[in-house]
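Contents: one structure, followed by commentary.
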Amino acid sequence: MALKITVIGTGYLGATHAAAMAELGFEVLGLDVVPEKIEMLSAGRVPMYEPGLEELLRKHVAGIEGSSGRLRFTRDWAEVAEFGDVHFICVNTPQKQGEYACDMSYVDSAVDSLAKHLGRPALVVGKSTVPVGSAERLAARIAELAPAGGQVELAWNPEFLREGFAVADTLHPDRIVVGVRSERAERILREVYATPVGEGSPFVVTDFPTAELVKTSANSFLATKISFINAMAEVCEAAGGDVAKLAEALGYDERIGDKFLRAGIGFGGGCLPKDIRAFMARAGELGADQALTFLREVDSINMRRRRDMVELAREAVGGDSSFLGKRVAVLGATFKPDSDDVRDSPALNVAGQIHLQGGQVTVYDPKGMENAKRLFPTLGYADSAVEAVRGADVVLHLTEWREFRELDPAALGEVTARRLVLDGRNALDPARWRAAGWTYRAMGRPRA
Ligand code: UDX
């Protein structure tokens with residue numbers, strides 16, 4: 001009999017995982033505690049912007065015409081426990097208010113709610129990003145609570161999906177990591193992932209702590225790579241070098257690689273910043289804090305980029321101490337393109353700082369407007385890039401959407417007060433903008 005799968009928590013990770021499991025041919029039941037989410041998903045709608053996800057969902061949600069009917073949603077824990085052979089825990093683990101550590105309350109309460117109802121054999125699989133040591137603790141909790149006792153087991157299977165590529169990353173993962181304590185758990189997970197493994201995704205079997213650490217160390221490495229190139233941008237600025245050329249040349253070295261070497265206003269989002277902080281906090285608890293002190297530097301280089309962008313803008317508009325009376329157009333609000341996510345967005349952070357210092361800021365983003373307005377209702381917003389830059393003293397390019405790369409600098413220049421663009425993502429083509437009469441400036445690159 002084919003395994004039946006449940007997915008607990010239907011945010012980014014869970015909604016994508018549930019749809020992907022249905023696509024792989026499994027019967028899937030998703031659970032969330034938020035009624036509106038269940039309603040939306042049951043109607044085949046996704047509560048966030050993620051390319052391809054809604055289509056995949058509609059292909060499988062029961063009750064939608066022409067769907068496979070393999071995917072349903074519920075709020076009932078007993079139903080989930082009764083239904084599933086494998087339960088994926090996909091709830092989020094945000095940063096604690098006022099602390100570096102991660103907030104495990106959603107994971108803890110999901111595991112407790114589920115375990116109490118587990119009266120038959122099952123594998124509970126943690127996917128959330130958690131501090132190392134959590135799996136061991138949760139396994140003990142499940143053993144204590146589950147009526148089926150030893151027939152219920154835990155495994156840890158971190159998720160590496162990127163926003164904007166969530167569907168492809170889930171269906172064709174570049175690796176599958178499973179932390180297990182038994183052959184049975186490994187066998188079940190091999191069955192779940194038989195399709196991607198058959199297509200060549202490496203399947204790495206580890207113990208609990210290693211599986212948990214793969215995720216936090218991968219994100220730490222990525223964050224470090226970005227802060228490395230941003231530190232080089234600072235040096236380039238001091239020395240008169242060009243960080244874009246530097247990154248290109250470094251990238252040809254296969255050991256370094258050319259990915260994640262784009263200098264700019266740095267990383268944000270719901271993962272990298274909070275994950276490196278939680279990792280530092282956890283290392284401290286384990287007495288290994290010295291090993292991760294470099295992450296403090298990675299974090300501060302990253303946060304400094306936002307401040308430096310504000311300074312670059314201030315200098316560009318000629319304001320000595322404030323942005324008073326200056327019109328600043330901000331292109332981009334999300335933390336990265338192809339997403340509507342504004343959590344810890346460097347773009348919005350810069351926009352907010354300039355606004356608080358008296359600038360008249362107008363923001364435009366292709367997908368992030370609603371979320372941005374909710375977070376920063378006092379900023380000005382425009383419905384298009386052209387409207388945002390109308391009358392602007394300076395244009396800030398802060399999220400590297402394709403739409404912005406394809407803008408016509410000559411047409412934009414017709415409506416701005418000055419042709420001055422600051423590229424916070426090193427993603428626009430300086431030659432094109434300069435040819436259209438713009439002054440182009442970017443962090444870590446020479447002024448031409
Ligand atoms: C990240 C990890 O990539 C993913 O594997 C993990 O599962 C979750 O965290 P995501 O948060 O979607 O994914 O964002 P990512 O694509 O990694 O980008 C993070 C940030 O770094 C963005 O703000 C992006 O603009 C910035 N970035 C990325 C740079 O500033 N320079 C680069 O060269 C690359």
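Order of appearance sets the numbers: ligands from 1, and atoms from 1 within every ligand. Bear in mind the structure is a predicted one, so any value in this text is a computation, not a measurement. FYI, the numbering just counts along the sequence from 1.
A donor-acceptor pair under 3.5 Å is absent between the side-chain atoms of K336 and the main chain of T399, judged by distance alone. When atom types are taken as modelled, the side chain of K96 and the backbone of A278 share no donor-acceptor pair closer than 3.5 angstrom.
For atom 13 (O) of ligand 1, the choice among R162, K259, R343 with the nearest heavy atom turns out to be R162. Of all the listed residues (F165, F260, F335, Y12), F335 holds the heavy atom that lies closest to atom 23 (O) of ligand 1.
Ring-plane geometry between Y49 and W401 is classed as tilted, the angle between the planes lying from 30 to 60 degrees on a 0 to 90 degree scale.
No donor-acceptor contact under 3.5 angstrom links the side chains of R307 and Q353, judged on distance only.
A heavy-atom separation below 4.0 Å is found between E159 and ligand 1. In this structure, C271 is part of the shell of residues with a heavy atom less than 4.0 angstrom from ligand 1. Under a 4.0 angstrom heavy-atom cut-off, G264 registers as lying outside contact with ligand 1. Ligand 1 lies less than 4.0 angstrom from a heavy atom belonging to E400.
Annotation for ligand 1: atoms under 4.0 Å from non-hydrogen atoms of G268 are 20 (C), 23 (O). Under a 4.0 Å criterion applied to the non-hydrogen atoms of L261, ligand 1 contributes the atoms 33 (O). Distances below 4.0 Å separate heavy atoms of E163 from the following atoms of ligand 1: 12 (O).
Here R343 contributes atom CZ and Y12 contributes atom OH; the two are 8.0 Å apart, rounded to the nearest 0.5 Å.
If you check which protein heavy atom lies closest to atom 10 (P) of ligand 1, you get K336 NZ, 3.8 Å. If you check which protein heavy atom lies closest to atom 20 (C) of ligand 1, you get F267 CB, 3.4 Å. In terms of protein heavy-atom proximity, atom 31 (N) of ligand 1 is nearest to R262 O, 3.0 Å. Atom 2 (C) of ligand 1 has N219 OD1, 3.6 Å as its closest protein atom, hydrogens excluded (heavy atom only). Looking from atom 27 (N) of ligand 1 to the surrounding protein, the closest heavy atom is I226 CD1, 3.5 Å. L272 CD1, 3.7 Å is the protein heavy atom nearest to atom 19 (C) of ligand 1. Among protein heavy atoms, the minimum distance from atom 30 (O) of ligand 1 is reached at R425 NH1, 3.2 Å.
Taking 4.0 Å as the cut-off between side-chain N and carboxylate O, E370 and K373 do not count as a salt-bridged pair. Look at E23 and R70 and you find no salt bridge, because none of the NZ, NE, NH1 or NH2 atoms lies under 4.0 Å from a carboxylate O. Classification of R137 and E212 as a salt-bridged pair fails, no side-chain N sitting under 4.0 Å from a carboxylate O. Salt bridge R314/E311: present, at least one basic N to carboxylate O contact under 4.0 Å. Salt bridge annotation for R162-D169: present, with a cationic side-chain nitrogen under 4.0 angstrom from a carboxylate oxygen.
Taking only nitrogen or oxygen atoms, main chain and side chain alike, F160 reaches within less than 3.5 Å of ligand 1. Checked by distance only, ligand 1 and L161 come closer than 3.5 Å through their nitrogen or oxygen atoms.
With a heavy-atom cut-off of 4.0 Å, K215 touches ligand 1 through its side chain alone.
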Stepwise side-chain hydrogen bond (donor to acceptor under 3.5 Å, both in side chains) check, E387 with Y381 = CA-CA 9 Å; E387 285 314 308; Y381 291 93; over 6 Å; no

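Nearest heavy-atom pair across G268 and P273 is O-CD, 3.5 Å.
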